[in-house]
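Only a predicted model underlies this, so the values are computations on that prediction, with no experimental measurement involved.
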Amino acid sequence: MDRRTFLKLAMAGVAAGATQGIFALDALAKTKDTQPWFMQGAPQYTMSDAHFHFVDFLQHSDGMDALLQAMNANGVQHIMLSGMPLVKKWDKDDPAAPKYYLDNTSRAYWYSGTDYRVAHAVLRLPEELRYRFHPYICGFNGTDKYAVEHVQRMLDEFPGLWQGIGEIFGHRDDLTNMTYGENARANHPALDPVYDLAARLDMPVNLHNNCTSRVQTKELRYVYEVEGALKNHPKTRIVWAHAGLSRYMEDIDQRAYTEMLRGMLDTYKNLWLDLSWLVYENYVTDGMPQLVVHPYWLQLVEDFPDRFMVGSDSIGHMGTYALNIRKYYTLFRALPKDAAQKVARDNFLSILPQKVRETLPQK
């Protein structure tokens, strides 16, 4: 897409974008008559998408043109732009190509080329649009003590481009067992220099580390790993992706879990939480179609309005982007107006490097 066309898209904004046909909904919201209220009409909030992957687990992407249209159509002013640190392998004996890491039992491997894809995509944007895109470095193996060297190479290769590090993959659900090599974790020694470098460069870190194992939900086995990273790196701003939740955690008492998070937010001033992915519909709310926020989660956000952010966690494709980002309207509507703006937009911007924040338009 040439510069003129890109600028036309940017200026068209949400009103024109809403007609682009990007609203691919699930079975509960396939037609206008059955769409939830938050899917209808023009966007109601200006947002930052604090968790987005430009590519999927095959490093495929719909591209920047589609992303910009999706942002405009859904009121997204700013976006965290990460690659995908793992690639799903297509084994020789698999008759069909996998599209997602859960499609079969083949393994996944670490892939540093993902950062180059993100960098070149951003650099091809017209200068007038780049302020909306906030690229993060993620293409390293968090169990490799050379990981920090990859981060530094990216910083040297693309000076002035990067604004954060992540999504760093620690403990996950099935993906941990599918990944070649040592299990990643938030407090792995290989990540210490990465956290320290982030602090020196005033960059935030987005960290995925499940609170526990998928088969051990009666106790939170991995929270100490995240606490270790927070405690040992107090100058590093860490966003705990999905607030530590994932698939297979329905047995966790969410009232008790939010109290645990309350204690962590009180203790660690360098901790932020993102509520992206299926965490919102599975745990924070009563689920589709209305997505009413549970009172204990709502109270936690109200008590810490500066420490929460939201994101689509879309991976490379825009088919469900509208639903993935607009679903949070039910949270915003339940919050006081000033808190809603912080969670919807401002908190993500507040953790970016100061030199970036100083250059951003105020509205």
Could you tell me whether a side-chain N or O of Thr258 sits under 3.5 Å from a main-chain N or O of Arg255, the two making a donor and an acceptor? yes
Once rounded to the nearest 0.5 Å, what's the spacing between atom CG of Asp196 and atom CG of Asn232? 9.5 Å
Check: Ile351 main-chain N/O paired with Trp272 side-chain donor or acceptor under 3.5 Å: no
Cation-aromatic face contact Arg326/Trp37, 6.0 Å, 45 degrees: no
How many angstroms lie between atom CD1 of Ile137 and atom CD1 of Ile165, to the nearest 0.5 angstrom? 5.5 Å
For Gly311 and Asp49, the nearest pair of non-hydrogen atoms, with its separation, is CA-OD1, 3.2 Å
If we ignore angles and hydrogens, is there a donor and acceptor under 3.5 Å between the side chains of Glu227 and Tyr268? yes
Measuring only between side-chain heavy atoms, which start at C-beta, is Gln77 closer than 4.5 Å to Arg345? yes
Check: Asp274 side chain, His51 main-chain N or O, donor-acceptor pair, under 3.5 Å: no
Would you say the side chain of Pro361 lies within less than 4.5 Å of the side chain of Tyr131, judging by non-hydrogen atoms? yes
Hydrophobic cluster membership, Tyr109 vs Leu102, 4.5 Å side-chain cutoff: no
Working for side-chain contact (heavy atoms from CB on, under 4.5 Å), residues Arg307 and Leu273: CA-CA 6 Å; Arg307 310 283 285 283; Leu273 301 175; over 6 Å; no
Side chains of Ile168 and Asn206: does their closest heavy-atom pair fall under 4.5 Å? no
Please confirm whether the backbone N or O of Ala70 pairs with a side-chain atom of Asn74, one donor and one acceptor, at under 3.5 Å? yes
Polar side chain donor-acceptor pair, Gln290 to Asp286, under 3.5 angstrom: no
Look at the aromatic rings of His242 and Trp277 and report parallel, tilted or perpendicular, splitting at 30° and 60°. tilted
Consider only side-chain N and O atoms of Gln341 and Asp346, and report whether a donor and an acceptor are under 3.5 Å apart. yes
So, for Ala73 and Pro43, which heavy atoms are closest and what is the spacing to 0.1 Å? O-CG, 3.2 Å
Decide whether Val122 and Met318 are clustered together by the hydrophobic rule: side chain heavy atoms of Ile, Leu, Val, Met, Phe, Trp, Tyr closer than 4.5 Å, transitively. yes
Thinking salt bridges, do Glu358 and Lys355 make one under a 4.0 Å N-O criterion? no
Just checking Lys269: does its NZ atom have more than 12 heavy atoms from other residues, nucleotides or ligands closer to it than 6.0 angstrom? yes
Less than 4.5 Å apart, any side-chain heavy atom of Val194 and any of Val205? no
When you compare the side chain of Tyr101 with that of Lys89, does any pair of heavy atoms fall below 4.5 Å? no
Donor-acceptor pair, side chain of Ser61 and main chain of Gly63, under 3.5 angstrom: yes
For a side chain to side chain donor-acceptor pair (under 3.5 Å) with Asp202, tell me which candidate from Gln163, Arg237, Lys235 qualifies. Arg237
For the backbone of Pro305 and the side chain of Asn347, can you confirm whether one donor and one acceptor N or O come within less than 3.5 Å of each other? yes
Contact between Phe140 and Pro85 at the side-chain level, heavy atoms closer than 4.5 Å - yes or no? no
Do Met84 and Phe54 come within less than 4.5 Å of each other through their side chains, counting heavy atoms only? no
With ring centroids as reference points, do His134 and Phe348 lie under 6.0 angstrom apart? yes
Assess whether a salt bridge exists between Arg214 and Asp173, defined as any Lys/Arg side-chain N lying under 4.0 Å from an Asp/Glu carboxylate O. no
Spatial distance of atom CD (Glu219) from atom OG (Ser213) [nearest 0.5 Å]: 9.5 Å
When you look at Tyr224 and Asn187, which way does the side chain to side chain donor-acceptor pair (under 3.5 Å) test go after all the steps? CA-CA 9 Å; Tyr224 82 95; Asn187 63 342; 4.9 Å; no
Using the six-membered ring wherever Trp is involved, compare the ring planes of Phe158 and His120 and label them parallel, tilted or perpendicular (cut-offs 30° and 60°). perpendicular
Begin from the C-alpha positions of Leu352 and Met80 and carry the test side-chain contact (heavy atoms from CB on, under 4.5 Å) through to its verdict. CA-CA 10 Å; Leu352 296 175; Met80 174 266 211; over 6 Å; no
Could you tell me whether the side chain of Thr285 and the main chain of Tyr280 form a donor-acceptor pair under 3.5 Å? yes
Would you find more than 12 non-hydrogen atoms of other residues, nucleotides or ligands less than 6.0 Å from Arg357 atom CZ? yes
For Val76, does its backbone N or O pair with a side-chain atom of Arg132 as donor and acceptor, under 3.5 Å? yes
How long is the gap from CG on Leu265 to CG on Leu300, to the nearest 0.5 Å? 6.0 Å
Check step by step if ring-ring contact (aromatic ring centres under 6.0 Å, His included) holds for His317 and His60. CA-CA 8 Å; His317 306 286; His60 296 169; 7.3 Å; no
Walk me through whether Leu349 and His78 qualify under side-chain contact (heavy atoms from CB on, under 4.5 Å). CA-CA 8 Å; Leu349 301 180; His78 294 273; 3.6 Å; yes
Phe332 and Tyr45 aromatic ring geometry - parallel, tilted or perpendicular at 30°/60° bounds: perpendicular
In Å and rounded to the nearest 0.5 Å, what is the CG to CZ distance from Asn141 to Phe169? 12.0 Å
Linking I/L/V/M/F/W/Y whenever any side-chain heavy atoms sit under 4.5 Å apart, do Trp297 and Leu331 land together? yes
Ion pair present between Arg117 and Asp115, side-chain N to carboxylate O less than 4.0 angstrom? no
Is a donor from one side chain sitting under 3.5 angstrom from an acceptor on the other, for Thr320 and Asn324? yes
Donor-acceptor pair, Trp90 side chain versus Asp94 backbone, under 3.5 Å? yes
Is the shortest side-chain heavy-atom distance between Val226 and Met264 below 4.5 Å? yes
Under a plain distance cut-off of 3.5 Å, with no hydrogens placed, do His294 and Gln254 share a side-chain donor-acceptor pair? no
May I ask you to decide whether Asp56 forms a salt bridge with Lys88, counting only side-chain N to carboxylate O separations under 4.0 Å? no
Students often mix this up, so state it plainly: with edges at 30° and 60°, are the rings of Phe57 and Tyr100 parallel, tilted or perpendicular? perpendicular
Under 3.5 Å: donor-acceptor pair, side chain of Tyr283, backbone of Ser246: yes
Option passing side-chain contact (heavy atoms from CB on, under 4.5 Å) with Ile325 (candidates Ser276, Ser312, Ser314): Ser312
Going by the side chain to side chain donor-acceptor pair (under 3.5 Å) test, name the single residue among Glu225, His171, Arg185, Arg172 that passes it with Asn209. Glu225
CG-OG1 distance between Leu271 and Thr236, expressed to the nearest 0.5 angstrom: 12.5 Å
side-chain contact (heavy atoms from CB on, under 4.5 Å) between Glu281 and Leu291: does it pass, once the steps are laid out? CA-CA 6 Å; Glu281 50 266 39; Leu291 297 174; 3.7 Å; yes
Please determine, by modelled atom types, if Asp65 and Gln69 share a side-chain donor-acceptor pair under 3.5 angstrom. no
